[in-house]
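Quick notes on the structure that follows.
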Amino acid sequence: MPKFCWRKPARTRDDVTTMTLCESSEEKASPTKLTAYRKAIDNLDNDRKWQTDTAVGKRIGLYKLSGELGKGNFSQVKTGYHELTKERVAIKILDKTKLTAKAKKMLSREISVMESIHHQNVIRLFEVIETYTKYYLIMEHAAAGELFKRLISEGRMHESEAKNIFSQIVLAVKHLHDRNIVHRDIKAENVFLSSRGVAKLGDFGFSITVSNNEKLETFCGSPPYAAPELFLDERYVGRPVDVWSLGVLLFFMTTATMPFLGDNMAGLRKSILAGHVEAPASMSQLLKSLIESMLNTTPEHRFNIDQVLKSDWLREASAYQIRFNNNSVYGQWCAYPTAAGAELTDTETNARRALEVLGITDVMLDEHGSRGSRSNVVATYRIVVNRLLQQRRLMGQQNHLPHQNSTAQHPQTASGRKPTKTKSRLCAIT
Ligand SMILES: Nc1ncnc2c1ncn2[C@@H]1O[C@H](COP(=O)(O)OP(=O)(O)OP(=O)(O)O)[C@@H](O)[C@H]1O
């Protein structure tokens, strides 16, 4: 059986730590030598330096914490490194003492949705660690950051590039909607990009599970992205609200301006309720027509997510992404180790081999499997599987993707509609 070794992350453009076949026998576990996993657990329990680092916030569980990525309403997000795999992760830290009841409810929804959603265009949740004072959400790190920052620094995207990114986000939202989940806070600040331009939807704090046409009551999300029905004191259906936000996002991606503006909330509300969108002359007719269908002020007449995917503007790009995602060569994400005795996918077989090198055996995976994100064994498994899939995707992209020039165009400042980062508003959660 081939042995895998871990190499420290090469600082390449892709920043992916690689697993390579290891010829040396020194990695073989022997009865006298602790495996990497055992050693890390031992350090966690007994090593003074590890314990001091944990006490002063430089370490949590098997992760070393480093610089801050940003701050949210209730959280701080830091970069972290997984001790065993050297994987870079994003760690969302929440102070229990500062969480209101609403924020606690949002957090528990965020965790349960992320636990249940497995899609390559959704930020993965690897592990959740709870201490006396804090929660730590260990997530996949998006190396190229927020789509928002990309649009602000580089300007609007050409339609071909926007199609590539947008089709991935639409597929993520379809995945949610098919599972009766509504995101409720889709915006450029919550779309992340990997170093290879893979788009990932994140921030599930406002998401909610709905039954088919169940009506919701509470205002959620960011006002510039909010559908008109949210400004009326009426109950609303969830899925169309996501499609409206996607329409705003698509307009922003292709123009670097927002479709609805106002000097204050009343002005913004008026503009959104009027629903009049002024598309620049350079916008193609097909794109204009899609945006209009997504920004239809009547939710029942608005496109649903399947109609968006099949629209003339997006059809080809989404079919490409679907083929790409489904192609078995890219393997399957398996958030939970397959139960003992069941057939394993190629990815899982390879992941298990790599884990064995670290000292995580099949027996341990069976024992920890049901604990999901509360287990550092399952977390290591998820990290390894995710990395294997990234490597496969990378190979696939090199082989199949048409080369893309940088097509960004600088933000249009002359129009006076240059957007600023929007804060999400708290829902009155019922
Ligand atoms: N998985 C990730 N990879 C890279 N950066 C991330 C990741 N998750 C969050 N960030 C960054 O961390 C910062 C804080 O994120 P967080 O989701 O806590 O708050 P926010 O979205 O800015 O605010 P809000 O509380 O309104 O949702 C953001 O700037 C975001 O870009």
Side-chain angles (χ1 to χ4, degrees), residues 9 14-16 60 63 65-82 87-96 98-100 102-111 113-115 117-128 134-153 165 168-169 172 183-208 219-226 245 249 333 373 379 382-383 386-387 390 419-427 429:
D14 312 303
D15 240 354
V16 177
I60 181 68
Y63 307 87
L65 292 153
S66 70
E68 184 181 279
L69 284 165
K71 274 196 168 107
N73 277 320
F74 292 101
S75 59
Q76 182 189 25
V77 180
K78 285 191 161 187
T79 308
Y81 291 91
H82 184 243
E87 182 78 3
R88 183 154 53 158
V89 292
I91 305 187
K92 188 167 183 168
I93 307 167
L94 297 103
D95 188 338
K96 280 184 181 176
K98 293 187 184 141
L99 290 182
T100 60
K102 270 183 210 165
K104 275 188 195 146
K105 195 154 188 180
M106 280 170 60
L107 175 65
S108 101
R109 279 186 183 163
E110 181 169 11
I111 294 171
V113 167
M114 286 185 93
E115 262 301 89
I117 289 297
H118 312 296
H119 190 272
Q120 69 169 318
N121 300 118
V122 172
I123 291 279
R124 316 253 194 222
L125 176 69
F126 295 136
E127 186 170 359
V128 178
K134 290 190 170 87
Y135 291 106
Y136 297 82
L137 267 59
I138 322 291
M139 299 176 296
E140 178 179 15
H141 177 263
E146 292 174 5
L147 174 62
F148 178 82
K149 286 182 189 152
R150 154 79 166 71
L151 291 166
I152 290 302
S153 64
I165 302 286
Q168 298 178 54
I169 297 307
H183 187 282
R184 297 202 292 183
D185 197 16
I186 295 168
K187 57 178 177 175
E189 292 88 330
N190 288 340
V191 172
F192 297 92
L193 299 171
S194 80
S195 54
R196 295 295 298 190
V198 179
K200 311 234 172 205
L201 185 61
D203 211 338
F204 285 81
F206 290 158
S207 58
I208 190 168
F219 185 100
C220 268
S222 304
Y225 286 83
S245 308
L249 174 67
W333 165 255
S373 60
R382 290 178 178 182
I383 289 171
N386 196 42
R387 188 184 295 171
Q390 277 177 23
T420 52
K421 199 167 163 128
T422 54
K423 272 276 162 213
S424 305
R425 285 182 134 214
L426 273 188
C427 313
I429 289 179

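Counting starts at 1 for both ligands and their atoms, following the listed order. Position 1 is the first residue of the sequence, and the numbers go up from there. Computed from a predicted structure; not experimentally measured.
Between His141 and ligand 1, no pair of N/O atoms sits closer than 3.5 Å. Residue contacts with ligand 1: Lys187 is placed with no nitrogen or oxygen under 3.5 Å of a nitrogen or oxygen of the ligand (distance criterion only). Polar contact with ligand 1: present for Glu146 (N/O pair, distance under 3.5 Å).
Annotation: side-chain hydrogen bond (donor to acceptor under 3.5 Å, both in side chains) contacts of His141 (sequence neighbours excluded): none. Ala144 meets the side-chain contact (heavy atoms from CB on, under 4.5 Å) test with Leu193; sequence neighbours excluded.
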Problem set entry | Pair Val122-Phe204, side-chain contact (heavy atoms from CB on, under 4.5 Å): steps then yes or no | CA-CA 10 Å; Val122 172; Phe204 285 81; 3.6 Å; yes
Exercise. Taking it one step at a time, do Ile93 and Ile60 satisfy side-chain contact (heavy atoms from CB on, under 4.5 Å)?
Worked result: CA-CA 10 Å; Ile93 307 167; Ile60 181 68; over 6 Å; no
For this session: Take Lys92 and Tyr136, measure what side-chain contact (heavy atoms from CB on, under 4.5 Å) needs, and give me the verdict at the end.
Result: CA-CA 6 Å; Lys92 188 167 183 168; Tyr136 297 82; over 6 Å; no
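A donor-acceptor pair under 3.5 Å is absent between the side-chain atoms of Glu87 and the main chain of Ile383, judged by distance alone. Under a 3.5 Å cut-off, the side chain of Arg109 and the backbone N or O of Ile208 do not form any donor-acceptor pair.
For Ser75, the closest heavy-atom approach to ligand 1 falls below 4.0 Å. Heavy-atom distances between Asn190 and ligand 1 reach below 4.0 Å in at least one pair.
When heavy-atom distances to ligand 1 are checked against a 4.0 Å cut-off, Glu189 has no atom that comes that close, whether in backbone or side chain. For Glu140, every heavy-atom contact with ligand 1 shorter than 4.0 Å involves the backbone, none the side chain.
Nearest residue to atom 4 (C) of ligand 1 from Gly70, Ser222, Gly205, Ala142 is Ala142 (criterion: closest heavy atom). Considering only non-hydrogen atoms, atom 9 (C) of ligand 1 lies nearest to Phe192 out of Phe192, Phe206, Phe74.
Listed by atom number, the atoms of ligand 1 under 4.0 Å from Asp203 heavy atoms are 17 (O), 21 (O), 27 (O). Close contacts between ligand 1 and Ile123 involve ligand atoms 1 (N) [criterion: under 4.0 Å to a heavy atom].
No more than 12 heavy atoms of other residues, nucleotides or ligands shown are found within 6.0 angstrom of NZ on Lys98.
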